[in-house]
Amino acid sequence: MARYATLLLGLIWVGCASAAPVEINGVRLSAAPDKTRVVLDLSGPVSHKIFSLSGPDRVVIDVEAARIDRDKVAIPAVKGSVSRIRTGTKNNGDLRVVLDLTAAVRAKSFVARPGASAGHRLVIDLIHSDSGSAGSPAAPVKQVRTLQQTGRDLVIAVDAGHGGKDPGASGRHGTREKNVTLAIARKLKQQIDAQPGMRAVLVRDGDYFVNLYDRMERARQMQADLFVSIHADAAENRRVRGSSVYVLSKSGASSEAAKRLAQRENAADLVGGVSLSDKDDVLASVLLDLSQNAAISASTSVGEKVLAELGKVGRVHQSKLQSANFVVLRSPDIPSILVETAFISNSQEEKRLRDKNEQTRLASSILLGIKAYFNDNAPPGTLLAQSSGAPGADSVKHVISRGDTLSGIADRYNVSMRQLRQTNGLRNDRIRVGQVLTIPAS
Ligand SMILES: [Zn+2]
């Protein structure tokens with residue numbers, strides 16, 4: 001679905017039209033492990049089209065009524081996945097920019113409005129297809145994924161709200177939302193990773209700023225099955241407390257308080273100094289309706305389960321699932337929920353949010369809710385779908401890859417060597433590449 005959405009983005013004209021030709025004043029190129037970014041500095045706003053071609057791989061950007069003075073503007077040298085940048089003017093006066101690539105990428109683009117440090121820009125991100133462990137080194141246990149199991153892991157994107165220059169809400173005793181959300185997110189990741197067939201990816205794993213759009217994009221890059229954003233609430237009235245769970249609403253907020261909360265959480269991007277409204281408009285008009293209804297209905301089910309679990313360990317602020325227009329929940333293709341774990345503005349809850357055991361308990365509740373949902377709704381192709389549902393598919397198979405050992409496999413699936421040998425009629429510990437082992441239920 002993400003691919004489809006990207007394709008659609010490429011087929012429409014993005015941005016607003018302008019009369020006089022726009023000058024490309026600069027071309028910048030930067031590379032990160034997970035993506036290569038091309039920035040075109042512009043003299044004004046532009047409309048553009050972007051599409052990908054293969055054989056050889058390249059990305060083409062047509063910028064409406066624009067031109068570049070090649071005598072003045074230097075084209076940067078090769079970097080990341082870009083092997084060459086070419087430009088040319090089409091008959092209709094549009095500027096065509098061709099990015100020759102070293103490998104296939106997923107391209108996305110957006111127009112950035114002038115900010116403090118830069119003017120109008122057209123930004124093209126080339127997402128590397130093998131960026132599975134982008135950002136942080138993969139935990140060793142997750143090499144499970146590269147082995148040929150018969151089902152894939154369920155991937156949960158865990159998003160610690162705020163971070164860096166955006167501290168979020170603060171408690172009376174100086175607790176900052178950005179720190180407790182990260183602590184809870186890390187605990188949730190640990191717990192998820194300990195579940196067979198489940199894997200978590202932290203959207204943010206440190207005290208740094210990530211804008212709301214990039215949070216969603218990271219989840220999409222990881223092909224997440226669910227996006228969970230962790231927050232802590234705040235209210236003027238210091239007695240207010242309890243957990244709430246939110247899902248996206250396209251039409252309106254479920255209450256005035258929900259609306260205000262969404263405004264506050266969405267303001268995170270203003271802290272970053274870049275308005276994302278251009279992209280958001282595109283998202284709103286083109287992408288949302290495609291598949292978001294399905295995503296919202298899935299989000300609603302997960303949200304209700306998580307809220308029910310939170311209610312078992314603590315007080316619930318709103319007993320019903322809440323909805324509002326949170327930017328971070330706008331992925332059209334990934335069910336997304338936002339958990340306001342507790343009120344940081346309430347002294348007791350502030351204390352609770354700082355307490356490691358309470359953080360663990362909150363994470364466990366969220367996990368239980370997630371599991372309750374996916375037990376009934378395991379995506380096809382996941383290990384969970386095979387072990388929980390389909391008749392005749394209740395045993396897990398493991399195809400031996402190079403480097404596998406029987407004891408390693410036993411460890412990985414948490415079964416004994418004896419069970420493994422017995423189930424598969426092995427007389428010794430010798431295994432060969434390509435051999436299929438049935439993993440007994442542990
Ligand atoms: Zn927040």
Participant: Could you tell me if the side chain of V59 sits less than 4.5 Å from the side chain of S52, heavy atoms only?
Facilitator: yes

Participant: Can you find a pair of side-chain heavy atoms, one from L321 and one from V306, that are under 4.5 Å apart?
Facilitator: no

Participant: Check whether any side-chain heavy atom of T181 sits under 4.5 Å from a side-chain heavy atom of R204, and report yes or no.
Facilitator: yes

Participant: side-chain hydrogen bond (donor to acceptor under 3.5 Å, both in side chains) between E340 and H317: does it pass, once the steps are laid out?
Facilitator: CA-CA 9 Å; E340 294 283 353; H317 174 55; over 6 Å; no

Participant: Please check: side-chain N/O of R215 versus main-chain N/O of L329, any donor-acceptor pairing under 3.5 Å?
Facilitator: no

Participant: Evaluate the criterion side chain to side chain contact (heavy atoms under 4.5 Å, CB included) for residue pair V201 and V155; output intermediate values, then yes/no.
Facilitator: CA-CA 7 Å; V201 182; V155 180; 3.8 Å; yes

Participant: Please check if the side chain of D159 supplies one atom and the backbone of G161 the other of a donor-acceptor pair under 3.5 Å.
Facilitator: no

Participant: Counting N and O atoms only, with roles assigned by atom type, does the side chain of S299 sit under 3.5 Å from a partner on the main chain of S336, one being a donor and the other an acceptor?
Facilitator: yes

Participant: Got a salt bridge between D205 and R186, using NZ or NE/NH1/NH2 to carboxylate O under 4.0 Å?
Facilitator: yes

Participant: Grab the two heavy atoms, one from Q322 and one from A258, that are nearest each other, plus how far apart they are.
Facilitator: OE1-CB, 4.5 Å

Participant: Can any side-chain N or O of D57 pair as donor or acceptor with the backbone N or O of A104 at less than 3.5 Å?
Facilitator: yes

Participant: Is it true that a side-chain atom of K189 and a backbone atom of A200 form a donor plus acceptor pair closer than 3.5 Å?
Facilitator: yes

Participant: Please check if the side chain of R121 supplies one atom and the backbone of R113 the other of a donor-acceptor pair under 3.5 Å.
Facilitator: yes

Participant: Parallel under 30°, tilted from 30 to 60°, perpendicular over 60°: which one fits the rings of F326 and Y246?
Facilitator: perpendicular

Participant: Can you list the steps and then say if V22 with V63 is a side chain to side chain contact (heavy atoms under 4.5 Å, CB included)?
Facilitator: CA-CA 9 Å; V22 168; V63 189; over 6 Å; no

Participant: Nearest heavy-atom pair of G314 and R352: which atoms, and what distance?
Facilitator: CA-NH2, 4.0 Å

Participant: Restricting to non-hydrogen atoms, name the atom on E177 and the atom on A232 that form the minimum distance, rounded to 0.1 Å.
Facilitator: OE2-N, 3.0 Å

Participant: Within the distance-only criterion (no hydrogens, no angle test), does the side chain of D355 pair as donor or acceptor with the backbone N or O of N357 below 3.5 angstrom?
Facilitator: yes

Participant: Do V240 and D233 have side-chain heavy atoms sitting under 4.5 Å apart?
Facilitator: no

Participant: Nearest 0.5 angstrom please: T405 OG1 to M417 CE, how far?
Facilitator: 7.5 Å

Participant: Just by distance, no angles: are the side chains of T423 and T438 close enough, under 3.5 Å, to form a donor-acceptor pair?
Facilitator: no

Participant: Donor-acceptor pair, S243 side chain versus T341 backbone, under 3.5 Å?
Facilitator: yes

Participant: side-chain hydrogen bond (donor to acceptor under 3.5 Å, both in side chains), that's the test. Do E350 and T175 meet it? Break it down for me.
Facilitator: CA-CA 7 Å; E350 180 184 4; T175 313; 2.6 Å; yes

Participant: Out of curiosity, L383 CG to R152 CZ, how far, rounded to the nearest 0.5 Å?
Facilitator: 10.5 Å

Participant: Could you go through M198 and L367, starting from their C-alpha distance and side-chain angles, then the distance that decides it, and tell me whether this counts as side chain to side chain contact (heavy atoms under 4.5 Å, CB included)?
Facilitator: CA-CA 11 Å; M198 284 177 87; L367 172 66; 4.1 Å; yes

Participant: Enter the distance from I344:CD1 to H231:NE2 here, rounded to the nearest 0.5 Å.
Facilitator: 12.0 Å

Participant: Indicate the atoms forming the closest heavy-atom contact of K178 with G163, along with that distance.
Facilitator: CB-N, 3.6 Å

Participant: Minimum heavy-atom separation for D404 to I431, with atom names?
Facilitator: O-CD1, 3.7 Å

Participant: For the NZ atom of K79 and the OG atom of S30, what is their distance to the nearest 0.5 Å?
Facilitator: 6.5 Å

Participant: Report yes if the side chains of I366 and V158 come closer than 4.5 Å at any heavy-atom pair, otherwise no.
Facilitator: no

Participant: I'd like to know if D125 pairs up with K108 as an ion pair, taking the criterion as any Lys NZ or Arg NE/NH1/NH2 lying under 4.0 Å from an Asp or Glu carboxylate oxygen.
Facilitator: yes

Participant: Has the side chain of H173 got a donor or acceptor atom that lies under 3.5 Å from a matching backbone atom of S347?
Facilitator: no

Participant: Does R421 have any salt bridge (charged side-chain N to carboxylate O under 4.0 Å, His left out) partners at least two apart in sequence or in another chain, and if so, which?
Facilitator: D429

Participant: With salt bridge (charged side-chain N to carboxylate O under 4.0 Å, His left out) as the criterion, how do R176 and D207 come out once you've worked through the C-alpha distance, each side chain's angles and the decisive distance to 0.1 Å?
Facilitator: CA-CA 11 Å; R176 294 180 139 190; D207 186 15; over 6 Å; no

Participant: I need the I370 CD1 to I337 CD1 distance, nearest 0.5 Å.
Facilitator: 6.0 Å

Participant: With rounding to the nearest 0.5 Å, note down the distance linking CG in L226 to CD1 in I192.
Facilitator: 8.0 Å

Participant: Closest approach of V203 and A157, non-hydrogen atoms and distance?
Facilitator: CG2-CB, 4.2 Å

Participant: For a 4.5 angstrom cut-off between non-hydrogen side-chain atoms, does S81 reach H128?
Facilitator: yes

Participant: Heavy-atom distance under 4.5 Å between the side chains of V38 and V123, does that happen here?
Facilitator: no

Participant: Just do the side chain to side chain contact (heavy atoms under 4.5 Å, CB included) check on I127 and K35 with the steps written out, would you?
Facilitator: CA-CA 4 Å; I127 316 288; K35 69 179 175 193; 4.2 Å; yes

Participant: Between K371 and E309, is the closest basic N to carboxylate O distance under 4.0 Å?
Facilitator: no

Participant: Tell me, do I409 and I439 make a side-chain contact under 4.5 Å, heavy atoms counted?
Facilitator: yes

Participant: Determine whether H48 and S109 satisfy the following criterion, side-chain hydrogen bond (donor to acceptor under 3.5 Å, both in side chains), listing intermediate values before the conclusion.
Facilitator: CA-CA 9 Å; H48 74 285; S109 65; 2.7 Å; yes

